[in-house]
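In what follows, a single structure is set out as structure tokens and then discussed.
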Amino acid sequence: MNNKDIMITGLNDMPVDEFRKNGHEFIDWIADYFNNIESNTVLPNIEPGKIRSKLPLEPPQKGESMDAIFSDFEKIIMPGITHWNHPDFMAYFNSTSSGPGILAEMLSAALNINGMLWKTSPAATELEEVTLNWLKKMLGFPDNFWGIIYDTASISSMHAIAAAREQLTELKFREKGMSGRNEIPKLRLYASEHAHSSIDKGIITLGIGLSGIRKIPIDDKFRMISHELQKAISEDRKNGWLPFCVVATVGTTSTTSVDPVREIGEICRKENLWLHVDAAYGGIAAVIPKMKYIFEGIEFADSIVVNPHKWMFTPIDLSAFYTTKPEILKRAFSLGAEYLKTSEDSKVTNYMDYGLQLGRRFRSLKLWFIIRYFGVEGIQNRIAEHLRLANEFADWIESHPDFERMAPTPFSVVCFRAHPKNINDEDELNALNEKLLDEINKSGKLFLSGTKLSGKFVIRISISGLRTQEEHVKQAWELISNV
Ligand SMILES: *Cc1c(COP(=O)(O)O)cnc(C)c1O
């Protein structure tokens with residue numbers, strides 16, 4: 001049988017020689033892609049359903065050649081790609097990939113280990129412990145925080161809420177659940193009006209229900225008002241609610257505002273509530289000494305989430321979760337099935353015990369590659385440059401008579417809108433800015449996103465791409481101010 005026959009009978013993997021040849025070609029393709037990335041428009045110009053219509057409804061019965069598959073990848077898939085790595089991608093919190101991250105992902109896929117237990121790949125568990133300790137030091141978290149990697153911040157925060165609930169041990173949620181129990185009070189979690197929607201999703205998933213989340217008002221800089229938090233907790237206790245958790249956000253999604261962690265933490269300490277700090281995007285900035293202030297009071301937190309896949313050049317996904325109470329997290333999730341017991345259990349970390357999923361990708365490998373390749377200084381320099389560029393952009397907005405800044409700029413996101421002197425009707429301004437954003441994005445030269453602040457439509461520019469340089473931000477401003 002030659003190699004071809006083996007493929008057709010389906011009893012073997014792609015022959016190694018073929019893998020080698022394709023692998024070299026793919027790396028060349030990726031290198032060229034990065035070299036020429038600016039020849040693409042950031043957003044594809046495509047109608048919904050268009051990609052699907054070009055793909056067959058039935059799967060192929062016989063295997064196809066890699067040439068045929070790759071040719072369709074270029075012809076059908078690439079035209080429907082939004083280029084997150086493009087230097088003019090300045091929407092949402094843009095997350096970009098990096099060379100060391102991509103290469104590590106490739107190795108991780110090749111090894112295909114499952115890091116559920118220490119035994120199922122000792123290096124994966126121990127590298128996760130070491131890299132998370134590195135990141136903890138880089139961001140200035142206290143030593144007593146213990147780390148685990150989940151896929152996304154949404155999942156990290158859900159685990160935080162589950163641990164906060166498990167902390168109410170005497171209510172036996174683990175054994176008895178939440179439904180049909182008249183003897184338990186209704187649980188309440190607190191977060192600012194600007195907290196991320198993943199907190200709401202976590203509350204829904206855990207059976208607490210949306211009525212179990214109380215949104216605390218914000219001040220004129222979009223930060224949680226801590227005395228409003230105190231007031232809400234006291235009022236709820238009086239009315240029979242059981243407060244159990246507070247989520248403070250460091251870098252909110254709309255404006256990147258920073259909740260006062262220390263003040264909130266002091267309230268949590270006094271009220272005996274779990275404090276979770278959602279710093280998915282903003283947290284990475286603390287790698288720079290002058291930004292360490294964002295975590296002032298972090299010693300009051302029970303858990304924190306930061307996403308290297310947002311602002312540390314890590315291919316999606318990788319979310320770092322830290323807690324000072326890993327034993328409570330473990331109590332919430334470990335079961336100890338007989339077939340998963342190993343003789344090393346008393347000496348090692350089995351990460352499957354600290355979360356929902358059993359199977360775990362080898363994510364720490366890319367974190368290790370990235371931190372080593374760029375070094376702490378390399379990461380600091382890149383983050384500092386993004387902060388500088390955002391500040392510069394904010395200055396241009398401030399000094400233009402027909403634009404206004406709509407929120408402070410603690411990180412690298414600037415919230416602004418066009419406000420020509422002769423227009424003062426809010427509806428008219430909203431319509432004008434929605435149209436402006438639409439035209440910018442349609443140009444294909446720049447991708448920005450929008451939000452609403454107190455009913456006002458606001459445009460956001462996020463400068464955190466690895467390939468975004470001063471010239472790109474200047475061109476962006478040219479385009480915005482001349483549409
Ligand atoms: C982006 C973001 C999230 C969600 O992150 P995922 O990793 O996509 O789930 C949660 N909270 C904040 C503050 C964010 O910026």
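Whatever order the structure lists them in is the order used to number ligands and atoms, beginning at 1.
Within the cation-pi definition used here (under 6.0 Å to the ring centroid, within 45° of the axis), R460 qualifies as a partner of F93. Remark: R372 is positioned above the aromatic ring of W368, its terminal NZ or CZ atom under 6.0 angstrom from the ring centre and at most 45 degrees off the axis.
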May I have every N or O pair linking ligand 1 to the protein at under 3.5 Å, one per line with atom names and distance?
unit_1	atom_1	unit_2	atom_2	d
ligand 1	7 (O)	A153	N	2.8
ligand 1	7 (O)	N307	ND2	2.8
ligand 1	7 (O)	H309	NE2	3.4
ligand 1	9 (O)	A153	N	3.4
ligand 1	9 (O)	S154	N	2.9
ligand 1	9 (O)	S154	OG	2.5
ligand 1	11 (N)	D278	OD1	3.2
ligand 1	11 (N)	D278	OD2	2.7
ligand 1	15 (O)	K310	NZ	2.8

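Just one of V305, L189, I213 meets the side-chain contact (heavy atoms from CB on, under 4.5 Å) condition when paired with V247; it is L189.
Put simply, the side chain of I149 does not reach to within 4.5 Å of the side chain of F362, judged on heavy atoms.
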Only pairs under 3.5 Å count here: list side-chain donor-acceptor contacts from residues 201-210, not counting sequence neighbours, and write none if there are none.
unit_1	atom_1	unit_2	atom_2	d
T205	OG1	K201	O	2.7

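The 12-atom threshold is exceeded at CZ of F300, counting heavy atoms of other residues, nucleotides or ligands nearer than 6.0 Å.
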